[in-house]
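Everything on this sheet refers to the single structure shown next.
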Amino acid sequence: MRTTFAVIVALGAWLAAAPLLAHHAFSSEFDINKPLKLTGTLTKWEMINPHSWFHMNIKQPDGTVVAWLIEGGSPNQLIRLGVTKNTLKVGTEFTIEGYQARDGTNKAVGRNFILADGSRYLFGGSAPGAGGADK
Amino acid sequence: MLRRLLVATALAGFAVAIVHIAPLAAQGQAARGSAGAPAYKVPRLPDGHPDFQGFWNNTTYTPLERPKGIDREFFTKEEVVEQMKRAAAEEGEQTTPGTIADVHYDFTQFGLDRSQAPVALNLRTSLIVDPADGHLPPMTEEGKRLNAARAEARKRAGAITDAAQNQPLSVRCILMDRDGPPMLAGAYNNNYQIVQAPDTVMILVEMLHSPRIIPTNGRPALPASIRQIEGSSRGRWDGDTLVIETTNFTDMFMFAAQGASADMKLTERFTRTSDDTLMYRFTVDDPKVWTRPWSAEVPWKKSIGPIFEHACHEGNYSLTNLLRGAREDEKRAREKKPASN
Amino acid sequence: MGDWLGRASTTAVGVIAAILLTASAGAQTRAAQPASPQPRSGAYRAPRTADGKPNLSGIYQAITEAYWDIEPHSAAPGPVQELGASFATAGGLGITDGPLPYKPEALAKKKENYANRIKLDPEIKCYLPGTPRGMYMPYPFQIIQTPAYIMIVSSYARAVRTIYMTDHKEAPADSWMGWSNGHWEGETLVIDTTGFNDLSWFDRAGNFHSDQLHVVERITATDADHLSYEATIEDPQTFTRPWKIALPIYRRLEKNAQLLEFNCIPFVEDLIYGQLRKPSSN
């Protein structure tokens, strides 16, 4: 019906806006002009709020290892889904696609976390969207 | 391929959620016992009061004010289902590299996108139910002056990245919309835990791990000289509805963002209309700012726990990082400038 | 009318009999209540909640100098000269059962903490107090008791402890206040807490712990207005053996006693972020 389409269009802007309100501070913290892709192993997942932090050892082309800190989301919903500090193992290898911190340090926001097998979800069956079968 | 899988999963999850929810209008009717449907028998505590305990989520797709071009009070169920499906699909989509939206962790990775939250189906076109047009009432002259003064003060303080105090209260971990009061959903973690003891109701708000302790034993209000960020709340039972009255706000409070004055009086009402629905209604009475009181209503949906410690201020590396980033940007800009003569 | 009088006097006799029975039979009188163990003779029996447990709900505060230093200590000057006597350390008998059994390297760290306490004490930055520190800070806390959850809320930094009474799980992750599982032993609330991070202190003197901290608290009402609070602290990474603290806790008796909001974050932002403020052009 005509009104349905008008409704969806009218609401579109507002519906899209809600999650974007959280983005403002991130684009101040991280630089949109510094996209990066890092591969390494996890040394620690700090399950804290307001954002969790993945401590990574990133392999450099010359073979050395550099420590990076990658910002992720609050762990609270994952905890409700059964994720604990034992879920993500130290040494897990993954690639991060994200953006570097504006202050130039070895910090980045992790947009995508890609496991060695190519899948996008670190938390396996616990994460919504992972596998598709569970939730 | 993965993108389609994500969207399909989000939609499937969403579809499962709504199959079990009766449309809100019908639920309301059922609670009031009309149209032949049996009235809901709310579970009771030993003291006879309704039991609202448990975990609740107030995520909503409904805006505070009625969108332009919409004149009716309710959408049809089909329209709302379609709106929610589209929102879920959008949230499930990958962001485009090089856009602001991409400079953020992926909500889906952490289970935080809105379509993953329990949502009570709401057919209303706005949360505001009074005035009947779904809009805020007109602002008084004093209200306009108050808010103009606030905007002026913000301008004088400088850019948002000049100092921690220039950032929103949420980024400073001082106060978030989920805390209010009134308590309104944000982007995620819109969870609450309610516990009830004989003379006290406590609402633990997930975001900021905020305790709202509401006495229900008739304790008098604080003197007007004591002001608090979340005001001071007193509760009482009106039949099966918990009524919470809050006054004594300080000027650093949530509804300043909505234009309210610190002398605002807030009345919140909780009524359990089904096992999985807690109806939340609030009235704002602020004659300094609005020509008349106004009310809004949003259903809360039963959720699950636990609520893990949200030690926001303690973990607030982001605020340090964004301030440092701004100072680094300024330093780089200064160093690029040619030497002055 | 005669009938009414007859019924009234029968009722009166019944009521008196019931009172006498209740007084003599002790804890197991009422059939509707679940049986609970008899308290030691002379021990206080707290009023019961609807689910038959000692009712500890209320507003309390510790009266002690332990928030300065949990060990016995002398009065000492404060580290901020401008605050003079207002922020000098008051002497205290302490709440510990002896000198803290630090491992040698941990004792060195404690001394370093003390020397740098103005920079390092998490309380100064309005960070959560941790457990047990939140129980003996000089601010009131409130116990809100229900069968499945007991909430302990401190007015300082609005610190919340959720005590899980029925759904006992392991801590999913580390936190400032720890993850608490509670159960009743007669009149005593026993709280077993693990899942701590290593960021909180025990007091303002730099006494600290690692994330191996394990705290077992025993809280008992000793009369209508007092609690006895004991805690066993175990942390094999920091100390050579477990140790105990004990102190009485007092009910706040003022009319309308309540927790006032103490959101200290706005008071510490210049302290924490001031050096990152944009330099003014003046």
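Chain identifiers are assigned alphabetically (A, B, ...) following the order of the sequence lines, protein sequences preceding nucleic acid strands; residue numbering begins at 1 within each chain. Just the heavy atoms: all of them, side chains too, but no hydrogens, waters or symmetry mates, feed the values below.
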How far does CD1 of Ile213(B) sit from CD1 of Ile59(C), to the nearest 0.5 angstrom? 7.5 Å
What are the two closest heavy atoms between Tyr164(C) and Ile307(B), and how far apart are they? OH-O, 4.5 Å
Let me know if Gln145(C) has heavy atoms under 4.5 Å from chain B in its side chain, its backbone, both or neither. backbone
Side chain, backbone, both or neither of Gln258(C) within contact of chain B (heavy atoms, under 4.5 Å): both
Considering only heavy atoms, which portion of Ile174(B) lies under 4.5 Å from any heavy atom of chain C: side chain, backbone, both, or neither? both
Relative to chain B, which segment of Met151(C) carries a heavy atom at a distance below 4.5 Å: side chain, backbone, both, or neither? side chain
Between Gln165(B) and Asp270(C), does the side chain to side chain donor-acceptor pair (under 3.5 Å) criterion hold? Intermediate values first, please. CA-CA 9 Å; Gln165(B) 289 89 336; Asp270(C) 279 338; 2.9 Å; yes
Among Arg172(B), Gln193(B), Arg219(B), Glu330(B), residue most engaged with chain C (heavy-atom pairs, under 4.5 Å): Arg219(B)
Residues Trp176(C) and Glu309(B): closest non-hydrogen pair is N-OE2, 2.7 Å
Is a side-chain N or O of His313(B) found less than 3.5 angstrom from the main chain of Lys125(C), in a donor-acceptor match? yes
Val153(C) portion near chain B, given a 4.5 angstrom heavy-atom threshold: side chain
Measure Phe262(C) against the heavy atoms of chain B and call it side chain, backbone, both or neither at under 4.5 Å. neither
To the nearest 0.5 Å, how far apart are CG in Leu323(B) and OH in Tyr273(C)? 8.0 Å
At a heavy-atom separation under 4.5 Å, does Asp174(C) approach chain B through its side chain, its backbone, both, or neither? backbone
Chain B contacts, top residue of Val160(C), Leu199(C), Asn55(C) (heavy-atom pairs, under 4.5 Å): Val160(C)
Checking Leu45(B) against chain C: side chain, backbone, both or neither under 4.5 Å from a heavy atom? neither
Can you tell me how far apart CD1 (Ile194(B)) and OG1 (Thr146(C)) are? Round to the nearest 0.5 Å. 12.5 Å
Looking only at heavy atoms and a cut-off of under 4.5 Å, which of Ile272(C), Asp167(C), Thr162(C), Leu128(C) has the most pairs with chain B? Leu128(C)
Give the ring-plane orientation class for Phe55(B) versus Tyr149(C), where under 30° counts as parallel, over 60° as perpendicular and anything between as tilted. perpendicular
Asn263(C) side, atom CG; Cys173(B) side, atom SG - distance, nearest 0.5 Å: 10.0 Å
Interchain contact, Glu314(B) with chain C, by part (heavy-atom threshold 4.5 Å): both
Checking Asn248(B) against chain C: side chain, backbone, both or neither under 4.5 Å from a heavy atom? neither
Atom OG1 of Thr320(B) and atom CD of Gln275(C): how far apart are they, to the nearest 0.5 Å? 8.0 Å
Counting only non-hydrogen atoms closer than 4.5 Å, does Arg327(B) touch chain C with its backbone (N, CA, C, O), its side chain (CB onward), both, or neither? side chain
Pair Glu230(B)-Arg158(C), salt bridge (Lys or Arg N to Asp or Glu O under 4.0 Å): steps then yes or no: CA-CA 12 Å; Glu230(B) 292 188 20; Arg158(C) 317 175 72 221; 3.2 Å; yes
Close approach to chain C in residues 196-212 of chain B, criterion heavy atom under 4.5 Å: Gln196(B), Ala197(B), Thr200(B), Met202(B), Leu204(B), His209(B), Ser210(B), Pro211(B)
Contacting moiety of Pro122(C), where chain B heavy atoms sit under 4.5 Å: neither
Starting at CG of Leu222(B), measure out to CG of Leu260(C) and round the result to the nearest 0.5 Å. 6.0 Å
Turns out that what part of Ala148(C) lies under 4.5 Å from chain B's heavy atoms comes down to neither
